[in-house]
There are 2 protein chains.
Amino acid sequence: MMSCEQARGADTPSPCPHARSREGCVDCKVRLLSICAALDAGELCELESLSHPACFEPRTTLFLQDEPAEIVYNVTDGVVRLYRLLPDGRRQIVGFALPGDFLGLSMADRFGFSADAVTRVTTCRFPREVFSAFVDTKPHLLRRLHEFASHELSLAQDQMVLLGRRTAEEKVASFLMSLRDRWARVTGASVTVPLPMGRQDIADFLGLTIETVSRTLTRLARERALLIVPDGVRLLDLPRLERLAVA
Amino acid sequence: MMSCEQARGADTPSPCPHARSREGCVDCKVRLLSICAALDAGELCELESLSHPACFEPRTTLFLQDEPAEIVYNVTDGVVRLYRLLPDGRRQIVGFALPGDFLGLSMADRFGFSADAVTRVTTCRFPREVFSAFVDTKPHLLRRLHEFASHELSLAQDQMVLLGRRTAEEKVASFLMSLRDRWARVTGASVTVPLPMGRQDIADFLGLTIETVSRTLTRLARERALLIVPDGVRLLDLPRLERLAVA
DNA sequence: CGTTGAGTTGACCATCGTCAACAGGAGTGG
DNA sequence: CCACTCCTGTTGACGATGGTCAACTCAACG
């Protein structure tokens with residue numbers, strides 16, 4: 001499980017050619033999804049002056065659990081996996097960050113999980129101390145951060161129900177449906193759900209093995225509930241999947 | 001699983017004779033553990049004027065998932081179980097609230113889970129709108145709420161690792177160790193861990209069945225890792241339990 | 001002294017994990 | 001261009017962990 005070597009992306013972020021020059025925060029396509037939606041034009045401009053764009057190649061690390069959280073991240077494009085490891089190497093993915101998600105919500109001095117890029121990822125980064133000071137002058141931004149954290153907590157509780165009380169088939173169906181809903185906010189509704197993460201990532205998110213994930217997807221495909229396409233699935237029998245994914 | 005009838009406590013909170021008359025917030029024994037520690041004497045007094053003490057008998061309901069969150073709660077004594085149900089009755093307990101814990105951290109307009117009293121529980125209650133308005137005038141209190149929520153999120157992620165990637169024996173050991181640590185903050189350190197919740201509650205928290213919890217505890221007791229006492233366990237072989245509970 | 005409900009224990013079994021083999025695509029070098 | 005490796009994903013055979021079902025103990029309570 002997880003034997004791959006991973007390049008460290010954070011120390012040498014790719015120059016990410018057009019990350020800043022191309023557009024400002026005002027034109028940012030995830031602004032309304034992200035914490036930034038709490039800011040007016042002037043505040044946005046202030047925040048922009050504090051931001052450092054950075055992008056990460058697939059399979060590079062943004063940060064590691066327990067390391068000092070010098071930097072917080074706003075994900076503007078791509079998918080990031082967030083995970084914790086047990087000493088013997090077992091891994092639990094605690095979430096996937098999509099465009100608009102914020103890493104470092106807690107503003108604690110250390111990261112509570114590790115994060116690495118699944119796809120090519122672009123981010124706005126902020127030195128944590130600077131960002132924290134900025135937040136202290138903007139109570140409505142703190143409110144927004146708190147709403148985001150509360151939403152994360154609710155998702156975490158959903159995931160507890162899934163991990164503790166659902167069968168493999170229900171887990172896979174729930175995962176697909178909730179990922180579909182999250183993509184809908186970013187890219188618009190679609191019955192085709194992109195799965196940029198590998199089967200091992202899905203397994204480590206659902207508390208299953210890669211074989212069980214593979215078998216379950218195959219079976220759902222054989223029974224015409226979905227169609228496996230390159231890097232994703234197309235949902236066919238929505239009522240059935242909905243039924244499996246309830247609550 | 002969970003077939004017991006439950007009285008509704010919230011509509012008819014017991015008078016709770018000495019809840020307010022006995023002591024004010026200044027003398028509250030969980031003040032320093034709770035969100036109230038963020039307040040100075042004057043603010044505490046303000047908040048006190050907004051609070052309504054209430055207590056709940058064992059097995060009564062504080063509130064139900066998805067119902068409008070008219071009230072938020074500060075638990076001052078006792079243990080509350082927080083849970084979500086699947087339509088078919090499967091239950092996942094997402095946490096146990098101990099003295100000092102706050103229910104309604106998210107300040108969302110509906111509760112994300114149901115809550116009922118395990119022991120006799122005493123609380124300070126606040127109308128949510130009133131509390132929310134109070135928070136809006138006290139950014140440092142919002143900070144504290146946010147820290148509490150962030151801590152909850154971190155605990156939720158611990159629980160995801162536990163549910164997704166640990167064996168029954170590891171789950172039980174982790175549960176006991178982390179409960180011991182939480183009690184330590186409230187009642188002081190001890191190798192005797194009170195377990196006021198029943199086996200079914202523990203099972204529904206750990207993603208196991210009551211039989212597996214019972215068997216696992218019995219085995220750990222037979223192997224002298226712990227001693228089962230009325231309403232709790234005494235931890236004997238701490239190194240071994242620590243090893244099972246790592247990370 | 002019977003009833004009830006929680007907890008324990010045993011026998012059996014199913015779901016999912018383990019181990020192994022195989023398929024197919026991407027990249028590499030002769 | 002082809003052979004080769006590497007990696008991811010799929011599939012099958014088998015087994016173990018933990019679930020299911022049932023019986024039993026015991027304390028609390030009337």
Centroid separation under 6.0 Å, is that true for the rings of A:Phe63 and A:Tyr73? yes

Which nucleotide sits closest to the side chain of A:Ile210: C:dG7, D:dG18, D:dG9? D:dG9

More 5' along DNA chain C: B:Arg215 or B:Met197, using each one's nearest nucleotide? B:Met197

Given the ring of A:Phe96, does A:Arg81 sit roughly above its face, with NZ or CZ under 6.0 Å from the centre of the six-membered ring and within 45° of the axis? no

Looking at A:Arg240 and A:Glu169, is there a salt bridge between them, counting it only when a charged N and a carboxylate O are closer than 4.0 Å? yes

Separation of atom CG in B:Leu217 from atom P in C:dT9, rounded to whole Å: 10 Å

Pick the nucleotide of DNA chain C nearest each of A:Glu211 and A:Glu169; which residue has the one closer to the 5' end? A:Glu169

Return the nearest nucleotide to the side chain of B:Arg199; candidates are D:dT10, D:dG19, C:dT8. C:dT8

note: A:Asp231, atom CG; C:dG25, atom P; distance rounded to Å ~ 14 Å

Separation of atom CD1 in B:Ile228 from atom C1' in D:dC26, rounded to whole Å: 15 Å

In whole Å, I'd like the distance from the CD1 atom of A:Ile202 to the P atom of D:dT10. 9 Å

Is any side-chain heavy atom of A:Leu179 closer than 4.5 Å to a side-chain heavy atom of A:Leu195? yes

To the nearest Å, give me how far apart CG (B:Leu208) and P (C:dG7) are. 15 Å

Given atom CG of A:Leu220 and atom P of D:dT10, what is their separation to the nearest angstrom? 12 Å

If you take all heavy atoms of A:Thr123 and A:Phe56, which pair is closest and at what distance? OG1-CE1, 3.6 Å

From CG of B:Leu206 across to C1' of D:dG19 the rounded distance in Å is 15 Å

Of the options C:dG17, D:dT10, C:dT8, whose atoms approach the side-chain atoms of A:Thr218 most closely? D:dT10

Should B:Ser214 be listed as having a side-chain N or O under 4.0 Å from OP1 or OP2 of C:dG7? no

Spacing between B:Arg90 atom CZ and C:dT15 atom C1', to the nearest angstrom: 13 Å

Which listed nucleotide (C:dT8, C:dT18, D:dG18) is nearest to the side chain of A:Thr209? C:dT18

